[in-house]
**Student:** 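I'd like to ask some things about the structure below.
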Amino acid sequence: MTDTPILHVDMDAFYASVALRERPDLVDQPVVVGGGGGRGVVLAANYVARRYGVRSALPMTRVRRMCPHVVVIEPDYATFTSVSSSVMETFREVTPVVEAMSLDEAFLDVRGSTRRLGPPARIAERLRSTIHDEQGITCSVGVAASVSVAKLASRRAKPDGVIVVPPAEVTSFLHPLDVGELYGVGEKTQALLHRFGLLTVGDVAHTPLRTLQRAVGDHLGRELQHLAWGTDRSELTPRAGPHEPERSMGADETFTRDTDDREVIVRELLRLSARVAGRMRSADVAGRTVTLKVRFADFTTITRSRTLPEATDVTVEIHRAVTRLYDALGLQRARLRLVGVRVEGLVPRATVHRQLVLGESEHGWADADRAVDRATRRFGTAAVRPASLV
DNA sequence: TCTGGGGTCCTAGGACCC
DNA sequence: TCTGGGGTCCTAGGACCC
């Protein structure tokens, strides 16, 4: 038995590390993976680039100013996904209790593995060397009794290290940290807590629950108190992939240039509706609530949603719903930066029984979609498009 | 030439029902 | 006639995570 059964394994600069396997000549140069053109942001930066202050989510325009000789590599998701699958397989050779958080990180519960493989720290090193040998990338591992402490430990261990935080050391590890380090505390909540004079995790730990809840709300207040004492969950939910099954599916796209042209916008909504509906059909789900997202040139963002009488996975129906929502906004000359389409309330398609309204005949759009799906599978996405997109 | 795209969860108010 | 909870659904926004 072990008192630190939770491992958090996190690949170091995952996308950048994978990209650099193909370009070993670049390892000593600042490299970022991300959309190079126009309005992209950094997906991952290697550690050389980080010395210039380059971080994930930074606009590429700023990156080029900070580090003019940076090398920008376009993301190759197919490769990222396949490396991720192999890494997750490696995890499962250690324990069946793996909770994947994303392509590049997962929690492992090794309670059942210590008899066979030794203490958690040894398991962590074994994982690290296997992944390094098989995939040519490094990772860091945090080991603790609970999920959030393990996660903070892996961050501290980066890059290419392991940190074990035994129960007796949890508070001395956690309490000096800034509140912003806690999971669920982002920029806004950090600023709020700082304004209340709560700077460190220790400050939060020693604040009465009621006070905390008045500041950040009932739910988050309680959550923070647990995080601050390391008494968050230690049970994992084994999951094969990052999200499974999904509660919503959506797609959005930033225009290369802001636009107020209804025709351009409605056509983009069709493209996005087709993308979302297609993914819903391949996942065998349908959904009732359709949401339009609009981001204006000044970056303010609004959403408008509509719940349909019946769940759908039909491109034309989703497109019709978001187009109505868009028209109902009554925009005049407002320039849009981004539009998005999302369908929520997903249920297995098999549970959806369409009731045809009396007097309304089946339009055949669902059949048309399935024909498109078949053609797409045979000839690729470029082969079949709605007429207005050709 | 600032600020992507995929998600999840929480809050809060109003409608509606019991 | 006045006063009430509780629960669920819908909508909009916001914060957060990777």
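So you know, we letter chains A, B, ... as the sequences are listed, proteins then strands, and number each from 1.
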**Student:** Provide, to the nearest angstrom, the distance between the CZ atom belonging to A:Arg65 and the P atom belonging to B:dT1.
**Tutor:**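 Answer to the nearest Å: 12 Å.
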**Student:** Taking only the side-chain heavy atoms of A:Arg39 (C-beta and beyond), determine which of C:dA15, C:dC18, B:dT3 contains the nearest atom.
**Tutor:**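 Of all the options, the side chain of A:Arg39 is nearest to B:dT3.
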**Student:** Examine C:dG13: is either OP1 or OP2 under 4.0 Å from a nitrogen or oxygen in the side chain of A:Thr303? Give yes or no.
**Tutor:**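 Looking at the OP1 and OP2 atoms of C:dG13, one of them is under 4.0 Å from a side-chain N or O of A:Thr303.
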**Student:** Select one nucleotide: of B:dG5, C:dG13, B:dC2, the one nearest the side-chain heavy atoms of A:Asp252.
**Tutor:**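 Closest nucleotide among those given: B:dG5.
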**Student:** Starting at the 5' end of DNA chain B and moving along, which residue's nearest nucleotide shows up first, A:Ser248 or A:Arg337?
**Tutor:**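 Nearest nucleotide further toward 5': that of A:Arg337.
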**Student:** Could you tell me how far apart A:Leu103 (CG) and C:dC17 (P) are, to the nearest whole angstrom?
**Tutor:**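 It works out to 18 Å between those atoms.
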**Student:** Can A:Arg39 and A:Asp258 be counted as an ion pair, charged N to O under 4.0 angstrom?
**Tutor:**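 Yes.
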**Student:** Answer yes when A:Arg233 and A:Glu99 have at least one side-chain N-carboxylate O distance shorter than 4.0 Å, and no when they do not.
**Tutor:**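 A salt bridge is present here (some side-chain N lies under 4.0 Å from a carboxylate O).
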**Student:** Remember a base hit wins even if backbone is also touched, and classify A:Met60 as base, sugar-phosphate or nothing at under 4.0 Å, heavy atoms.
**Tutor:**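 The answer is nothing, as A:Met60 stays clear of every strand by at least 4.0 Å.
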**Student:** Is the shortest side-chain N/O distance from A:Arg304 to OP1 or OP2 of C:dG13 below 4.0 Å?
**Tutor:**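 For C:dG13, OP1 or OP2 has a side-chain N or O of A:Arg304 closer than 4.0 Å.
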**Student:** Phosphate oxygens OP1/OP2 of C:dG13: is one of them under 4.0 Å from a side-chain N or O of A:Thr301?
**Tutor:**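 False: A:Thr301 side-chain N/O out of range (4.0 Å or more) of C:dG13 OP1/OP2.
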**Student:** Please state the P separation for the pair B:dC17 and C:dT3 - nearest whole angstrom.
**Tutor:**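 After rounding to an integer number of Å, I get 22 Å for this pair.
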**Student:** Under 4.0 Å, heavy atoms only, any strand: does A:Ser56 hit a base, just the sugar-phosphate, or nothing?
**Tutor:**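 Contact class for A:Ser56: none.
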**Student:** Watson-Crick or G-U wobble partner for B:dC18, using a 3.5 Å limit on both distances?
**Tutor:**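 Looking at the geometry, B:dC18 pairs with C:dG5.
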**Student:** Base, sugar-phosphate alone, or nothing: which one does A:Ala57 contact when heavy atoms must sit under 4.0 Å apart?
**Tutor:**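 Result for A:Ala57 = base.
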**Student:** Just to be sure I understand the rule, does A:Arg306 reach a base, reach only the sugar-phosphate, or reach nothing, if contact means heavy atoms closer than 4.0 Å?
**Tutor:**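 If one applies the 4.0 Å heavy-atom cut-off, A:Arg306 turns out to touch the sugar-phosphate alone, with no base involved.
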**Student:** Would you please confirm or rule out a distance under 4.0 Å between OP1 or OP2 of B:dT1 and any side-chain N or O of A:Arg64?
**Tutor:**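 A:Arg64 to B:dT1 OP1/OP2: no side-chain N or O under 4.0 Å.
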**Student:** Students often get this wrong, so: under 4.0 angstrom with heavy atoms, is A:Gly38 touching a base, only sugar-phosphate, or nothing?
**Tutor:**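 Base contact.
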**Student:** Once you apply a heavy-atom cut-off of 4.0 Å, does A:Arg288 come out as touching a base, just sugar-phosphate, or nothing?
**Tutor:**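 The answer is sugar-phosphate, as A:Arg288 gets under 4.0 Å only of primed atoms, P, OP1 or OP2.
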**Student:** Do A:Thr259 and A:Asp261 get their side chains close enough for a donor-acceptor pair, meaning under 3.5 Å?
**Tutor:**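 Note: A:Thr259 and A:Asp261 side chains miss the donor-acceptor criterion.
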**Student:** Could you check how far CG of A:Leu220 sits from C1' of C:dC16, rounded to whole Å?
**Tutor:**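 Rounding to the nearest Å, CG of A:Leu220 and C1' of C:dC16 are 10 Å apart.
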**Student:** Of A:Ile123, A:Val9, A:Ile6, A:Val141, which meets side chain to side chain contact (heavy atoms under 4.5 Å, CB included) against A:Leu108?
**Tutor:**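 Of the listed options, the one satisfying the test is A:Val9.
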**Student:** Counting the atoms with a prime plus P, OP1 and OP2 as sugar-phosphate, which does A:Gly250 contact under 4.0 Å by heavy atoms, base, sugar-phosphate, or nothing?
**Tutor:**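 The residue A:Gly250 makes sugar-phosphate contact but no base contact.
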**Student:** Write down the distance between CZ (A:Arg342) and C1' (B:dG5), rounded to a whole number of angstrom.
**Tutor:**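 Going from A:Arg342 (CZ) to B:dG5 (C1'), I get 9 Å.
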**Student:** Which is it for A:Met66 and A:Leu58 under the side-chain contact (heavy atoms from CB on, under 4.5 Å) test, yes or no, and what are the steps along the way?
**Tutor:** CA-CA 11 Å; A:Met66 295 162 76; A:Leu58 226 51; 3.6 Å; yes
**Student:** Between A:Arg62 and A:Leu338, which has a closest nucleotide on DNA chain B that is more 5'?
**Tutor:**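 Looking at the nearest nucleotide for each, A:Arg62 comes out on the 5' side.
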**Student:** Taking CD from A:Glu74 and C1' from B:dG5, how many angstroms apart are they, rounded to a whole number?
**Tutor:**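 Value for this atom pair: 14 Å.
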**Student:** Under 4.0 Å, heavy atoms only, any strand: does A:Lys151 hit a base, just the sugar-phosphate, or nothing?
**Tutor:**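 Sugar-phosphate, no base atom in range.
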**Student:** Report the nucleotide, chosen from C:dG13, C:dC16, B:dT8, that has the shortest atom-to-atom distance to any side-chain atom of A:Arg247.
**Tutor:**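 In terms of side-chain proximity for A:Arg247, the closest of C:dG13, C:dC16, B:dT8 is B:dT8.
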**Student:** Would you say a side-chain N or O of A:Ser305 is under 4.0 Å from OP1 or OP2 of C:dA12?
**Tutor:**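 Indeed, a polar side-chain atom of A:Ser305 lies that close.
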**Student:** Tell me whether B:dC2 sits syn or anti, counting syn as a glycosidic angle within 90° of 0.
**Tutor:**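 Syn.
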**Student:** Any idea which of B:dT3, B:dG6, B:dC10 is nearest the A:His219 side chain?
**Tutor:**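 Of all the options, the side chain of A:His219 is nearest to B:dC10.
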**Student:** Counting any heavy atom closer than 4.0 Å, what does A:Thr61 reach on the DNA or RNA strands: base, sugar-phosphate only, or nothing?
**Tutor:**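 Since a base atom lies under 4.0 Å of A:Thr61, the category is base.
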**Student:** Measure CD/A:Gln190 against P/C:dC16 and give the value in whole Å, please.
**Tutor:**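 One finds 9 Å between P of C:dC16 and CD of A:Gln190, rounded.
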**Student:** To the nearest Å, how far apart are A:Met280 CE and B:dG6 C1'?
**Tutor:**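 Roughly 16 Å, once rounded to whole Å.
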**Student:** Assign A:Leu325 to base, sugar-phosphate, or nothing according to its heavy-atom contacts below 4.0 angstrom with the strands shown.
**Tutor:**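 Result for A:Leu325 = nothing.
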**Student:** Is a salt bridge present between A:Arg275 and A:Glu253, judged by a nitrogen-to-oxygen distance below 4.0 Å?
**Tutor:**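 Salt bridge flag = yes for A:Glu253 with A:Arg275.
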**Student:** Are A:Arg370 and A:Asp313 within salt-bridge range, i.e. N to O under 4.0 Å?
**Tutor:**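 Salt bridge between A:Arg370 and A:Asp313, a charged N being under 4.0 Å from a carboxylate O: yes.
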**Student:** Whole angstrom is fine here: how far is it from NZ in A:Lys293 over to P in C:dT11?
**Tutor:**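 Rounded to whole Å, this separation is 18 Å.
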**Student:** Any idea which of B:dT8, B:dT11, B:dG4 is nearest the A:Asp218 side chain?
**Tutor:**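 Of all the options, the side chain of A:Asp218 is nearest to B:dT11.
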**Student:** May I ask whether A:Tyr183 stacks on the base of C:dC17, given the cut-offs of 5.5 Å between ring centres and 30° between planes?
**Tutor:**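 No, A:Tyr183 does not stack on the base of C:dC17, since the centre distance and plane angle fail the 5.5 Å and 30° test.
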**Student:** Which of these passes side chain to side chain donor-acceptor pair (under 3.5 Å) with A:Glu344: A:Thr307, A:Thr291, A:Thr289?
**Tutor:**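 Only one of A:Thr307, A:Thr291, A:Thr289 forms a side chain to side chain donor-acceptor pair (under 3.5 Å) with A:Glu344, namely A:Thr291.
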**Student:** Classify A:Val42 by what it touches in the nucleic acid, base, sugar-phosphate, or nothing, heavy-atom distance under 4.0 Å.
**Tutor:**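 Nothing: the residue A:Val42, judged by heavy atoms under 4.0 Å, touches no strand.
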